[in-house]
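A short write-up of the structure that comes next.
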Amino acid sequence: MALVVYWYDFVCFGIVGLSLVWALWVIWMKEGASERVEDSTGYESLLVTRPDSEVFVSALPKGHVSTSQLWTSCWKGLHPGWLLAIRFVSFLVLVGFLAWDVLDWDASIFIYYTEWTFTLVMLYFALGTIVSGYGWWLSSNKPFSANGTRRDLDENNASVNTYMKNGNSRTIKLQSHYAQEEIQLRAGFWGYLMQIAFQTCAGAVVLTDIVFWCVIVPFLSTSHLGLNMLMGCMHTLNAFFILLDTSLNSLQFPWFRLSYFVLWSCLYVIFQWVIHAFGFPWWPYPFLELDTPWATLWYFCMALMHIPCYGIFALIMKAKYSIFPKLFPHAFVRPY
């Protein structure tokens, strides 16, 4: 066992452990509650339409992910095929840079949080490409409006917005079957996985790039962590492609999914503890080291950093859905 444990390390273990338990509790309470509420519809799929029947739209939980949000754009006139193409190109570029990174440093490069986050962003775009392609193909025989959603959904948008604002009654009957389907139909496992990956990527990218550009480059540069063309590109393109996708997609960004971001970082830290317990000789980041009395302060600060990092992207999303509708009232489409 190469990992020497001091008394103050138990405080670090407690910080990570409490964060992990909190994240799992929030996921259980929020996602579990969402599933229980939406199970009343008795239907779940990735992007499959349900049979024709008379249905009602009930009050949707905050974490609801509808099928149309996964692959349609928030801009009128932008065909969903463009979002598919952008996600596919983003995936290919990220694969190329990750392959370059592995060829330069071999597979041991995955000891770094940067590579974990970069891989997660790449997987998000891979999943987004598949979902976009599947959704576009599945709905190719149905009429679309300018932004790729069905026309009858746009026709009923006013009544839906009135319902969401007033909230006086629990249900409202829509005259259009397809409008109801787009709004209420809950995405299945892969759809929710895509939404979760998007929100986890957003927080992790902000954290990774802030730490790299504001801490590592000016103060902690080493032969492994120094600034070079590859590292500069990887810590720029991850944010660029996520922001590009954000400017075009229709995904939501509820705060409770901060828990997935926290869970992601906890798993990385636990991974570091495990490999060091089995003899790995050095730490990829000095602020993860356990053999210093400053470890408790570092761990506490890094845990707190997750809130502003996630909050920065939440503000970007809030600005998107608050400012764009005012600047481009005839071009921007708000989700329900």
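Any value given below was found using the heavy atoms of this structure, including those in side chains, with hydrogens, waters and symmetry copies removed. Being a predicted model, the structure only gives us computed values, none of them experimental.
Scanning both residues, Phe125 and Phe241, for their nearest heavy atoms gives CZ-O, 3.3 Å. Shortest non-hydrogen contact noted between Cys266 and Val16 is SG-O, 3.8 Å. When all heavy atoms are compared, the tightest approach of Ile242 to Tyr124 is CD1-CD2, 4.3 Å. For Leu251 against Gln69, the heavy-atom pair with the smallest separation is CD2-O, 3.5 Å. Smallest separation of non-hydrogen atoms from Trp71 and Leu83: O-CD2, 3.6 Å. In plain terms, the two heavy atoms of Leu290 and Tyr299 that are nearest each other are CD2-OH, 3.7 Å.
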Could you list the donor-acceptor pairs under 3.5 angstrom formed by side chains in residues 19-27, with sequence neighbours left out?
| from | atom 1 | to | atom 2 | distance (Å) |
| --- | --- | --- | --- | --- |
| Ser19 | OG | Ile15 | O | 2.8 |

Side-chain atoms of residues 323-330: list all donor-acceptor pairs with protein atoms under 3.5 Å, sequence neighbours left out, distances to 0.1 Å.
none

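Distance check: Leu258 CG to Lys30 NZ gives 12.0 Å after rounding to the nearest 0.5 Å.
Counting only distance, with no hydrogens or angles, the side chain of Asp9 and the backbone of Tyr6 share a donor-acceptor pair below 3.5 Å. Without hydrogens or angle criteria, Ser73 side chain to Leu248 main chain gives a donor-acceptor distance under 3.5 Å. Not a single donor-acceptor pair under 3.5 Å links the side chain of Lys320 to the backbone N or O of Ser247.
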Take Ile275 and Ile111 through the test side-chain contact (heavy atoms from CB on, under 4.5 Å) and record every step on the way to the result. CA-CA 9 Å; Ile275 63 174; Ile111 193 176; 3.8 Å; yes

Are Phe240 and Leu243 close enough, and set up right, to give a side-chain contact (heavy atoms from CB on, under 4.5 Å), and what steps lead you there? CA-CA 5 Å; Phe240 171 77; Leu243 289 172; over 6 Å; no

Applying side-chain contact (heavy atoms from CB on, under 4.5 Å) to Gln252 and Gln199, what does each step give before you reach the verdict? CA-CA 9 Å; Gln252 296 291 305; Gln199 294 191 240; 6.0 Å; no

Apply side-chain contact (heavy atoms from CB on, under 4.5 Å) to Met302 and Leu288, showing your working. CA-CA 9 Å; Met302 291 304 296; Leu288 290 181; 5.8 Å; no

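Using modelled atom types and a 3.5 Å distance limit, the side chains of Tyr285 and Gln272 yield no donor-acceptor pair. No side-chain N or O of His235 forms a donor-acceptor pair with one of Thr208 less than 3.5 Å apart. One side chain, Ser265 or Tyr113, offers a donor N or O that lies under 3.5 Å from an acceptor on the other. For the residue pair Gln195 / Tyr260, no side-chain donor-acceptor distance below 3.5 Å is found, with atom types taken as modelled.
At a threshold of 4.5 Å between non-hydrogen side-chain atoms, the residues Met194 and Val65 do not count as touching. Looking at Trp273 and Val5, their side chains never come closer than 4.5 Å, going by heavy atoms from C-beta outward. Looking at Val131 and Tyr134, their side chains never come closer than 4.5 Å, going by heavy atoms from C-beta outward. At a threshold of 4.5 Å between non-hydrogen side-chain atoms, the residues Thr119 and Phe110 count as touching. Here the side chains of Val102 and Trp105 are not in contact, with every heavy-atom distance at 4.5 Å or above. Between Trp264 and Leu120 the shortest side-chain heavy-atom distance falls below 4.5 Å. Proximity of Phe287 to Cys301: side-chain heavy atoms (C-beta onward) are nowhere separated by under 4.5 Å. Between Phe212 and Met234 there is no side-chain heavy-atom pair separated by less than 4.5 Å.
By the ring-ring contact (aromatic ring centres under 6.0 Å, His included) test, Phe88 pairs with no residue at all, sequence neighbours left out. Residues passing the side-chain hydrogen bond (donor to acceptor under 3.5 Å, both in side chains) test with Glu115, sequence neighbours excluded: none. Residues forming a salt bridge (Lys or Arg N to Asp or Glu O under 4.0 Å) with Asp101 (at least two apart in sequence, or on another chain): none.
The hydrophobic clustering, which links ILVMFWY residues whose side-chain heavy atoms are closer than 4.5 Å, places Met229 and Val217 together. Under the 4.5 Å side-chain heavy-atom criterion for grouping Ile, Leu, Val, Met, Phe, Trp and Tyr, Leu18 is not connected to Val262 through any hydrophobic cluster. Note on Leu103: it does not cluster hydrophobically with Leu230, by side-chain heavy-atom contacts below 4.5 Å among ILVMFWY residues. The cluster map of Ile, Leu, Val, Met, Phe, Trp and Tyr, joined by side-chain heavy atoms under 4.5 Å apart, puts Val95 and Leu92 in the same cluster. Both Val93 and Leu127 are part of a single hydrophobic cluster, where members link through side-chain heavy atoms under 4.5 Å apart.
Ring planes of Tyr268 and Trp116: perpendicular class, angle over 60° (limits at 30 and 60°). Ring geometry, Trp100 versus Phe97: the interplanar angle falls from 30° to 60°, so the pair is classed tilted.
Trp294 CH2: 12 or fewer foreign heavy atoms inside a 6.0 Å radius. Summarising the local packing, CH2 of Trp82 is surrounded by 12 or fewer heavy atoms from other residues, nucleotides or ligands at distances under 6.0 Å. For Phe271, the CZ atom sits in a packed shell: over 12 heavy atoms of surrounding residues, nucleotides or ligands are nearer than 6.0 Å.
Sorted by first and then second residue, the salt bridge (charged side-chain N to carboxylate O under 4.0 Å, His left out) pairs involving residues 80-94 (not counting sequence neighbours) are Arg87-Asp245.
Checked against the 6.0 Å centroid criterion, the rings of His79 and Trp136 qualify as a close aromatic pair.
Among Tyr321, Phe313, Phe261, the one residue that satisfies the ring-ring contact (aromatic ring centres under 6.0 Å, His included) test with Phe253 is Phe313.
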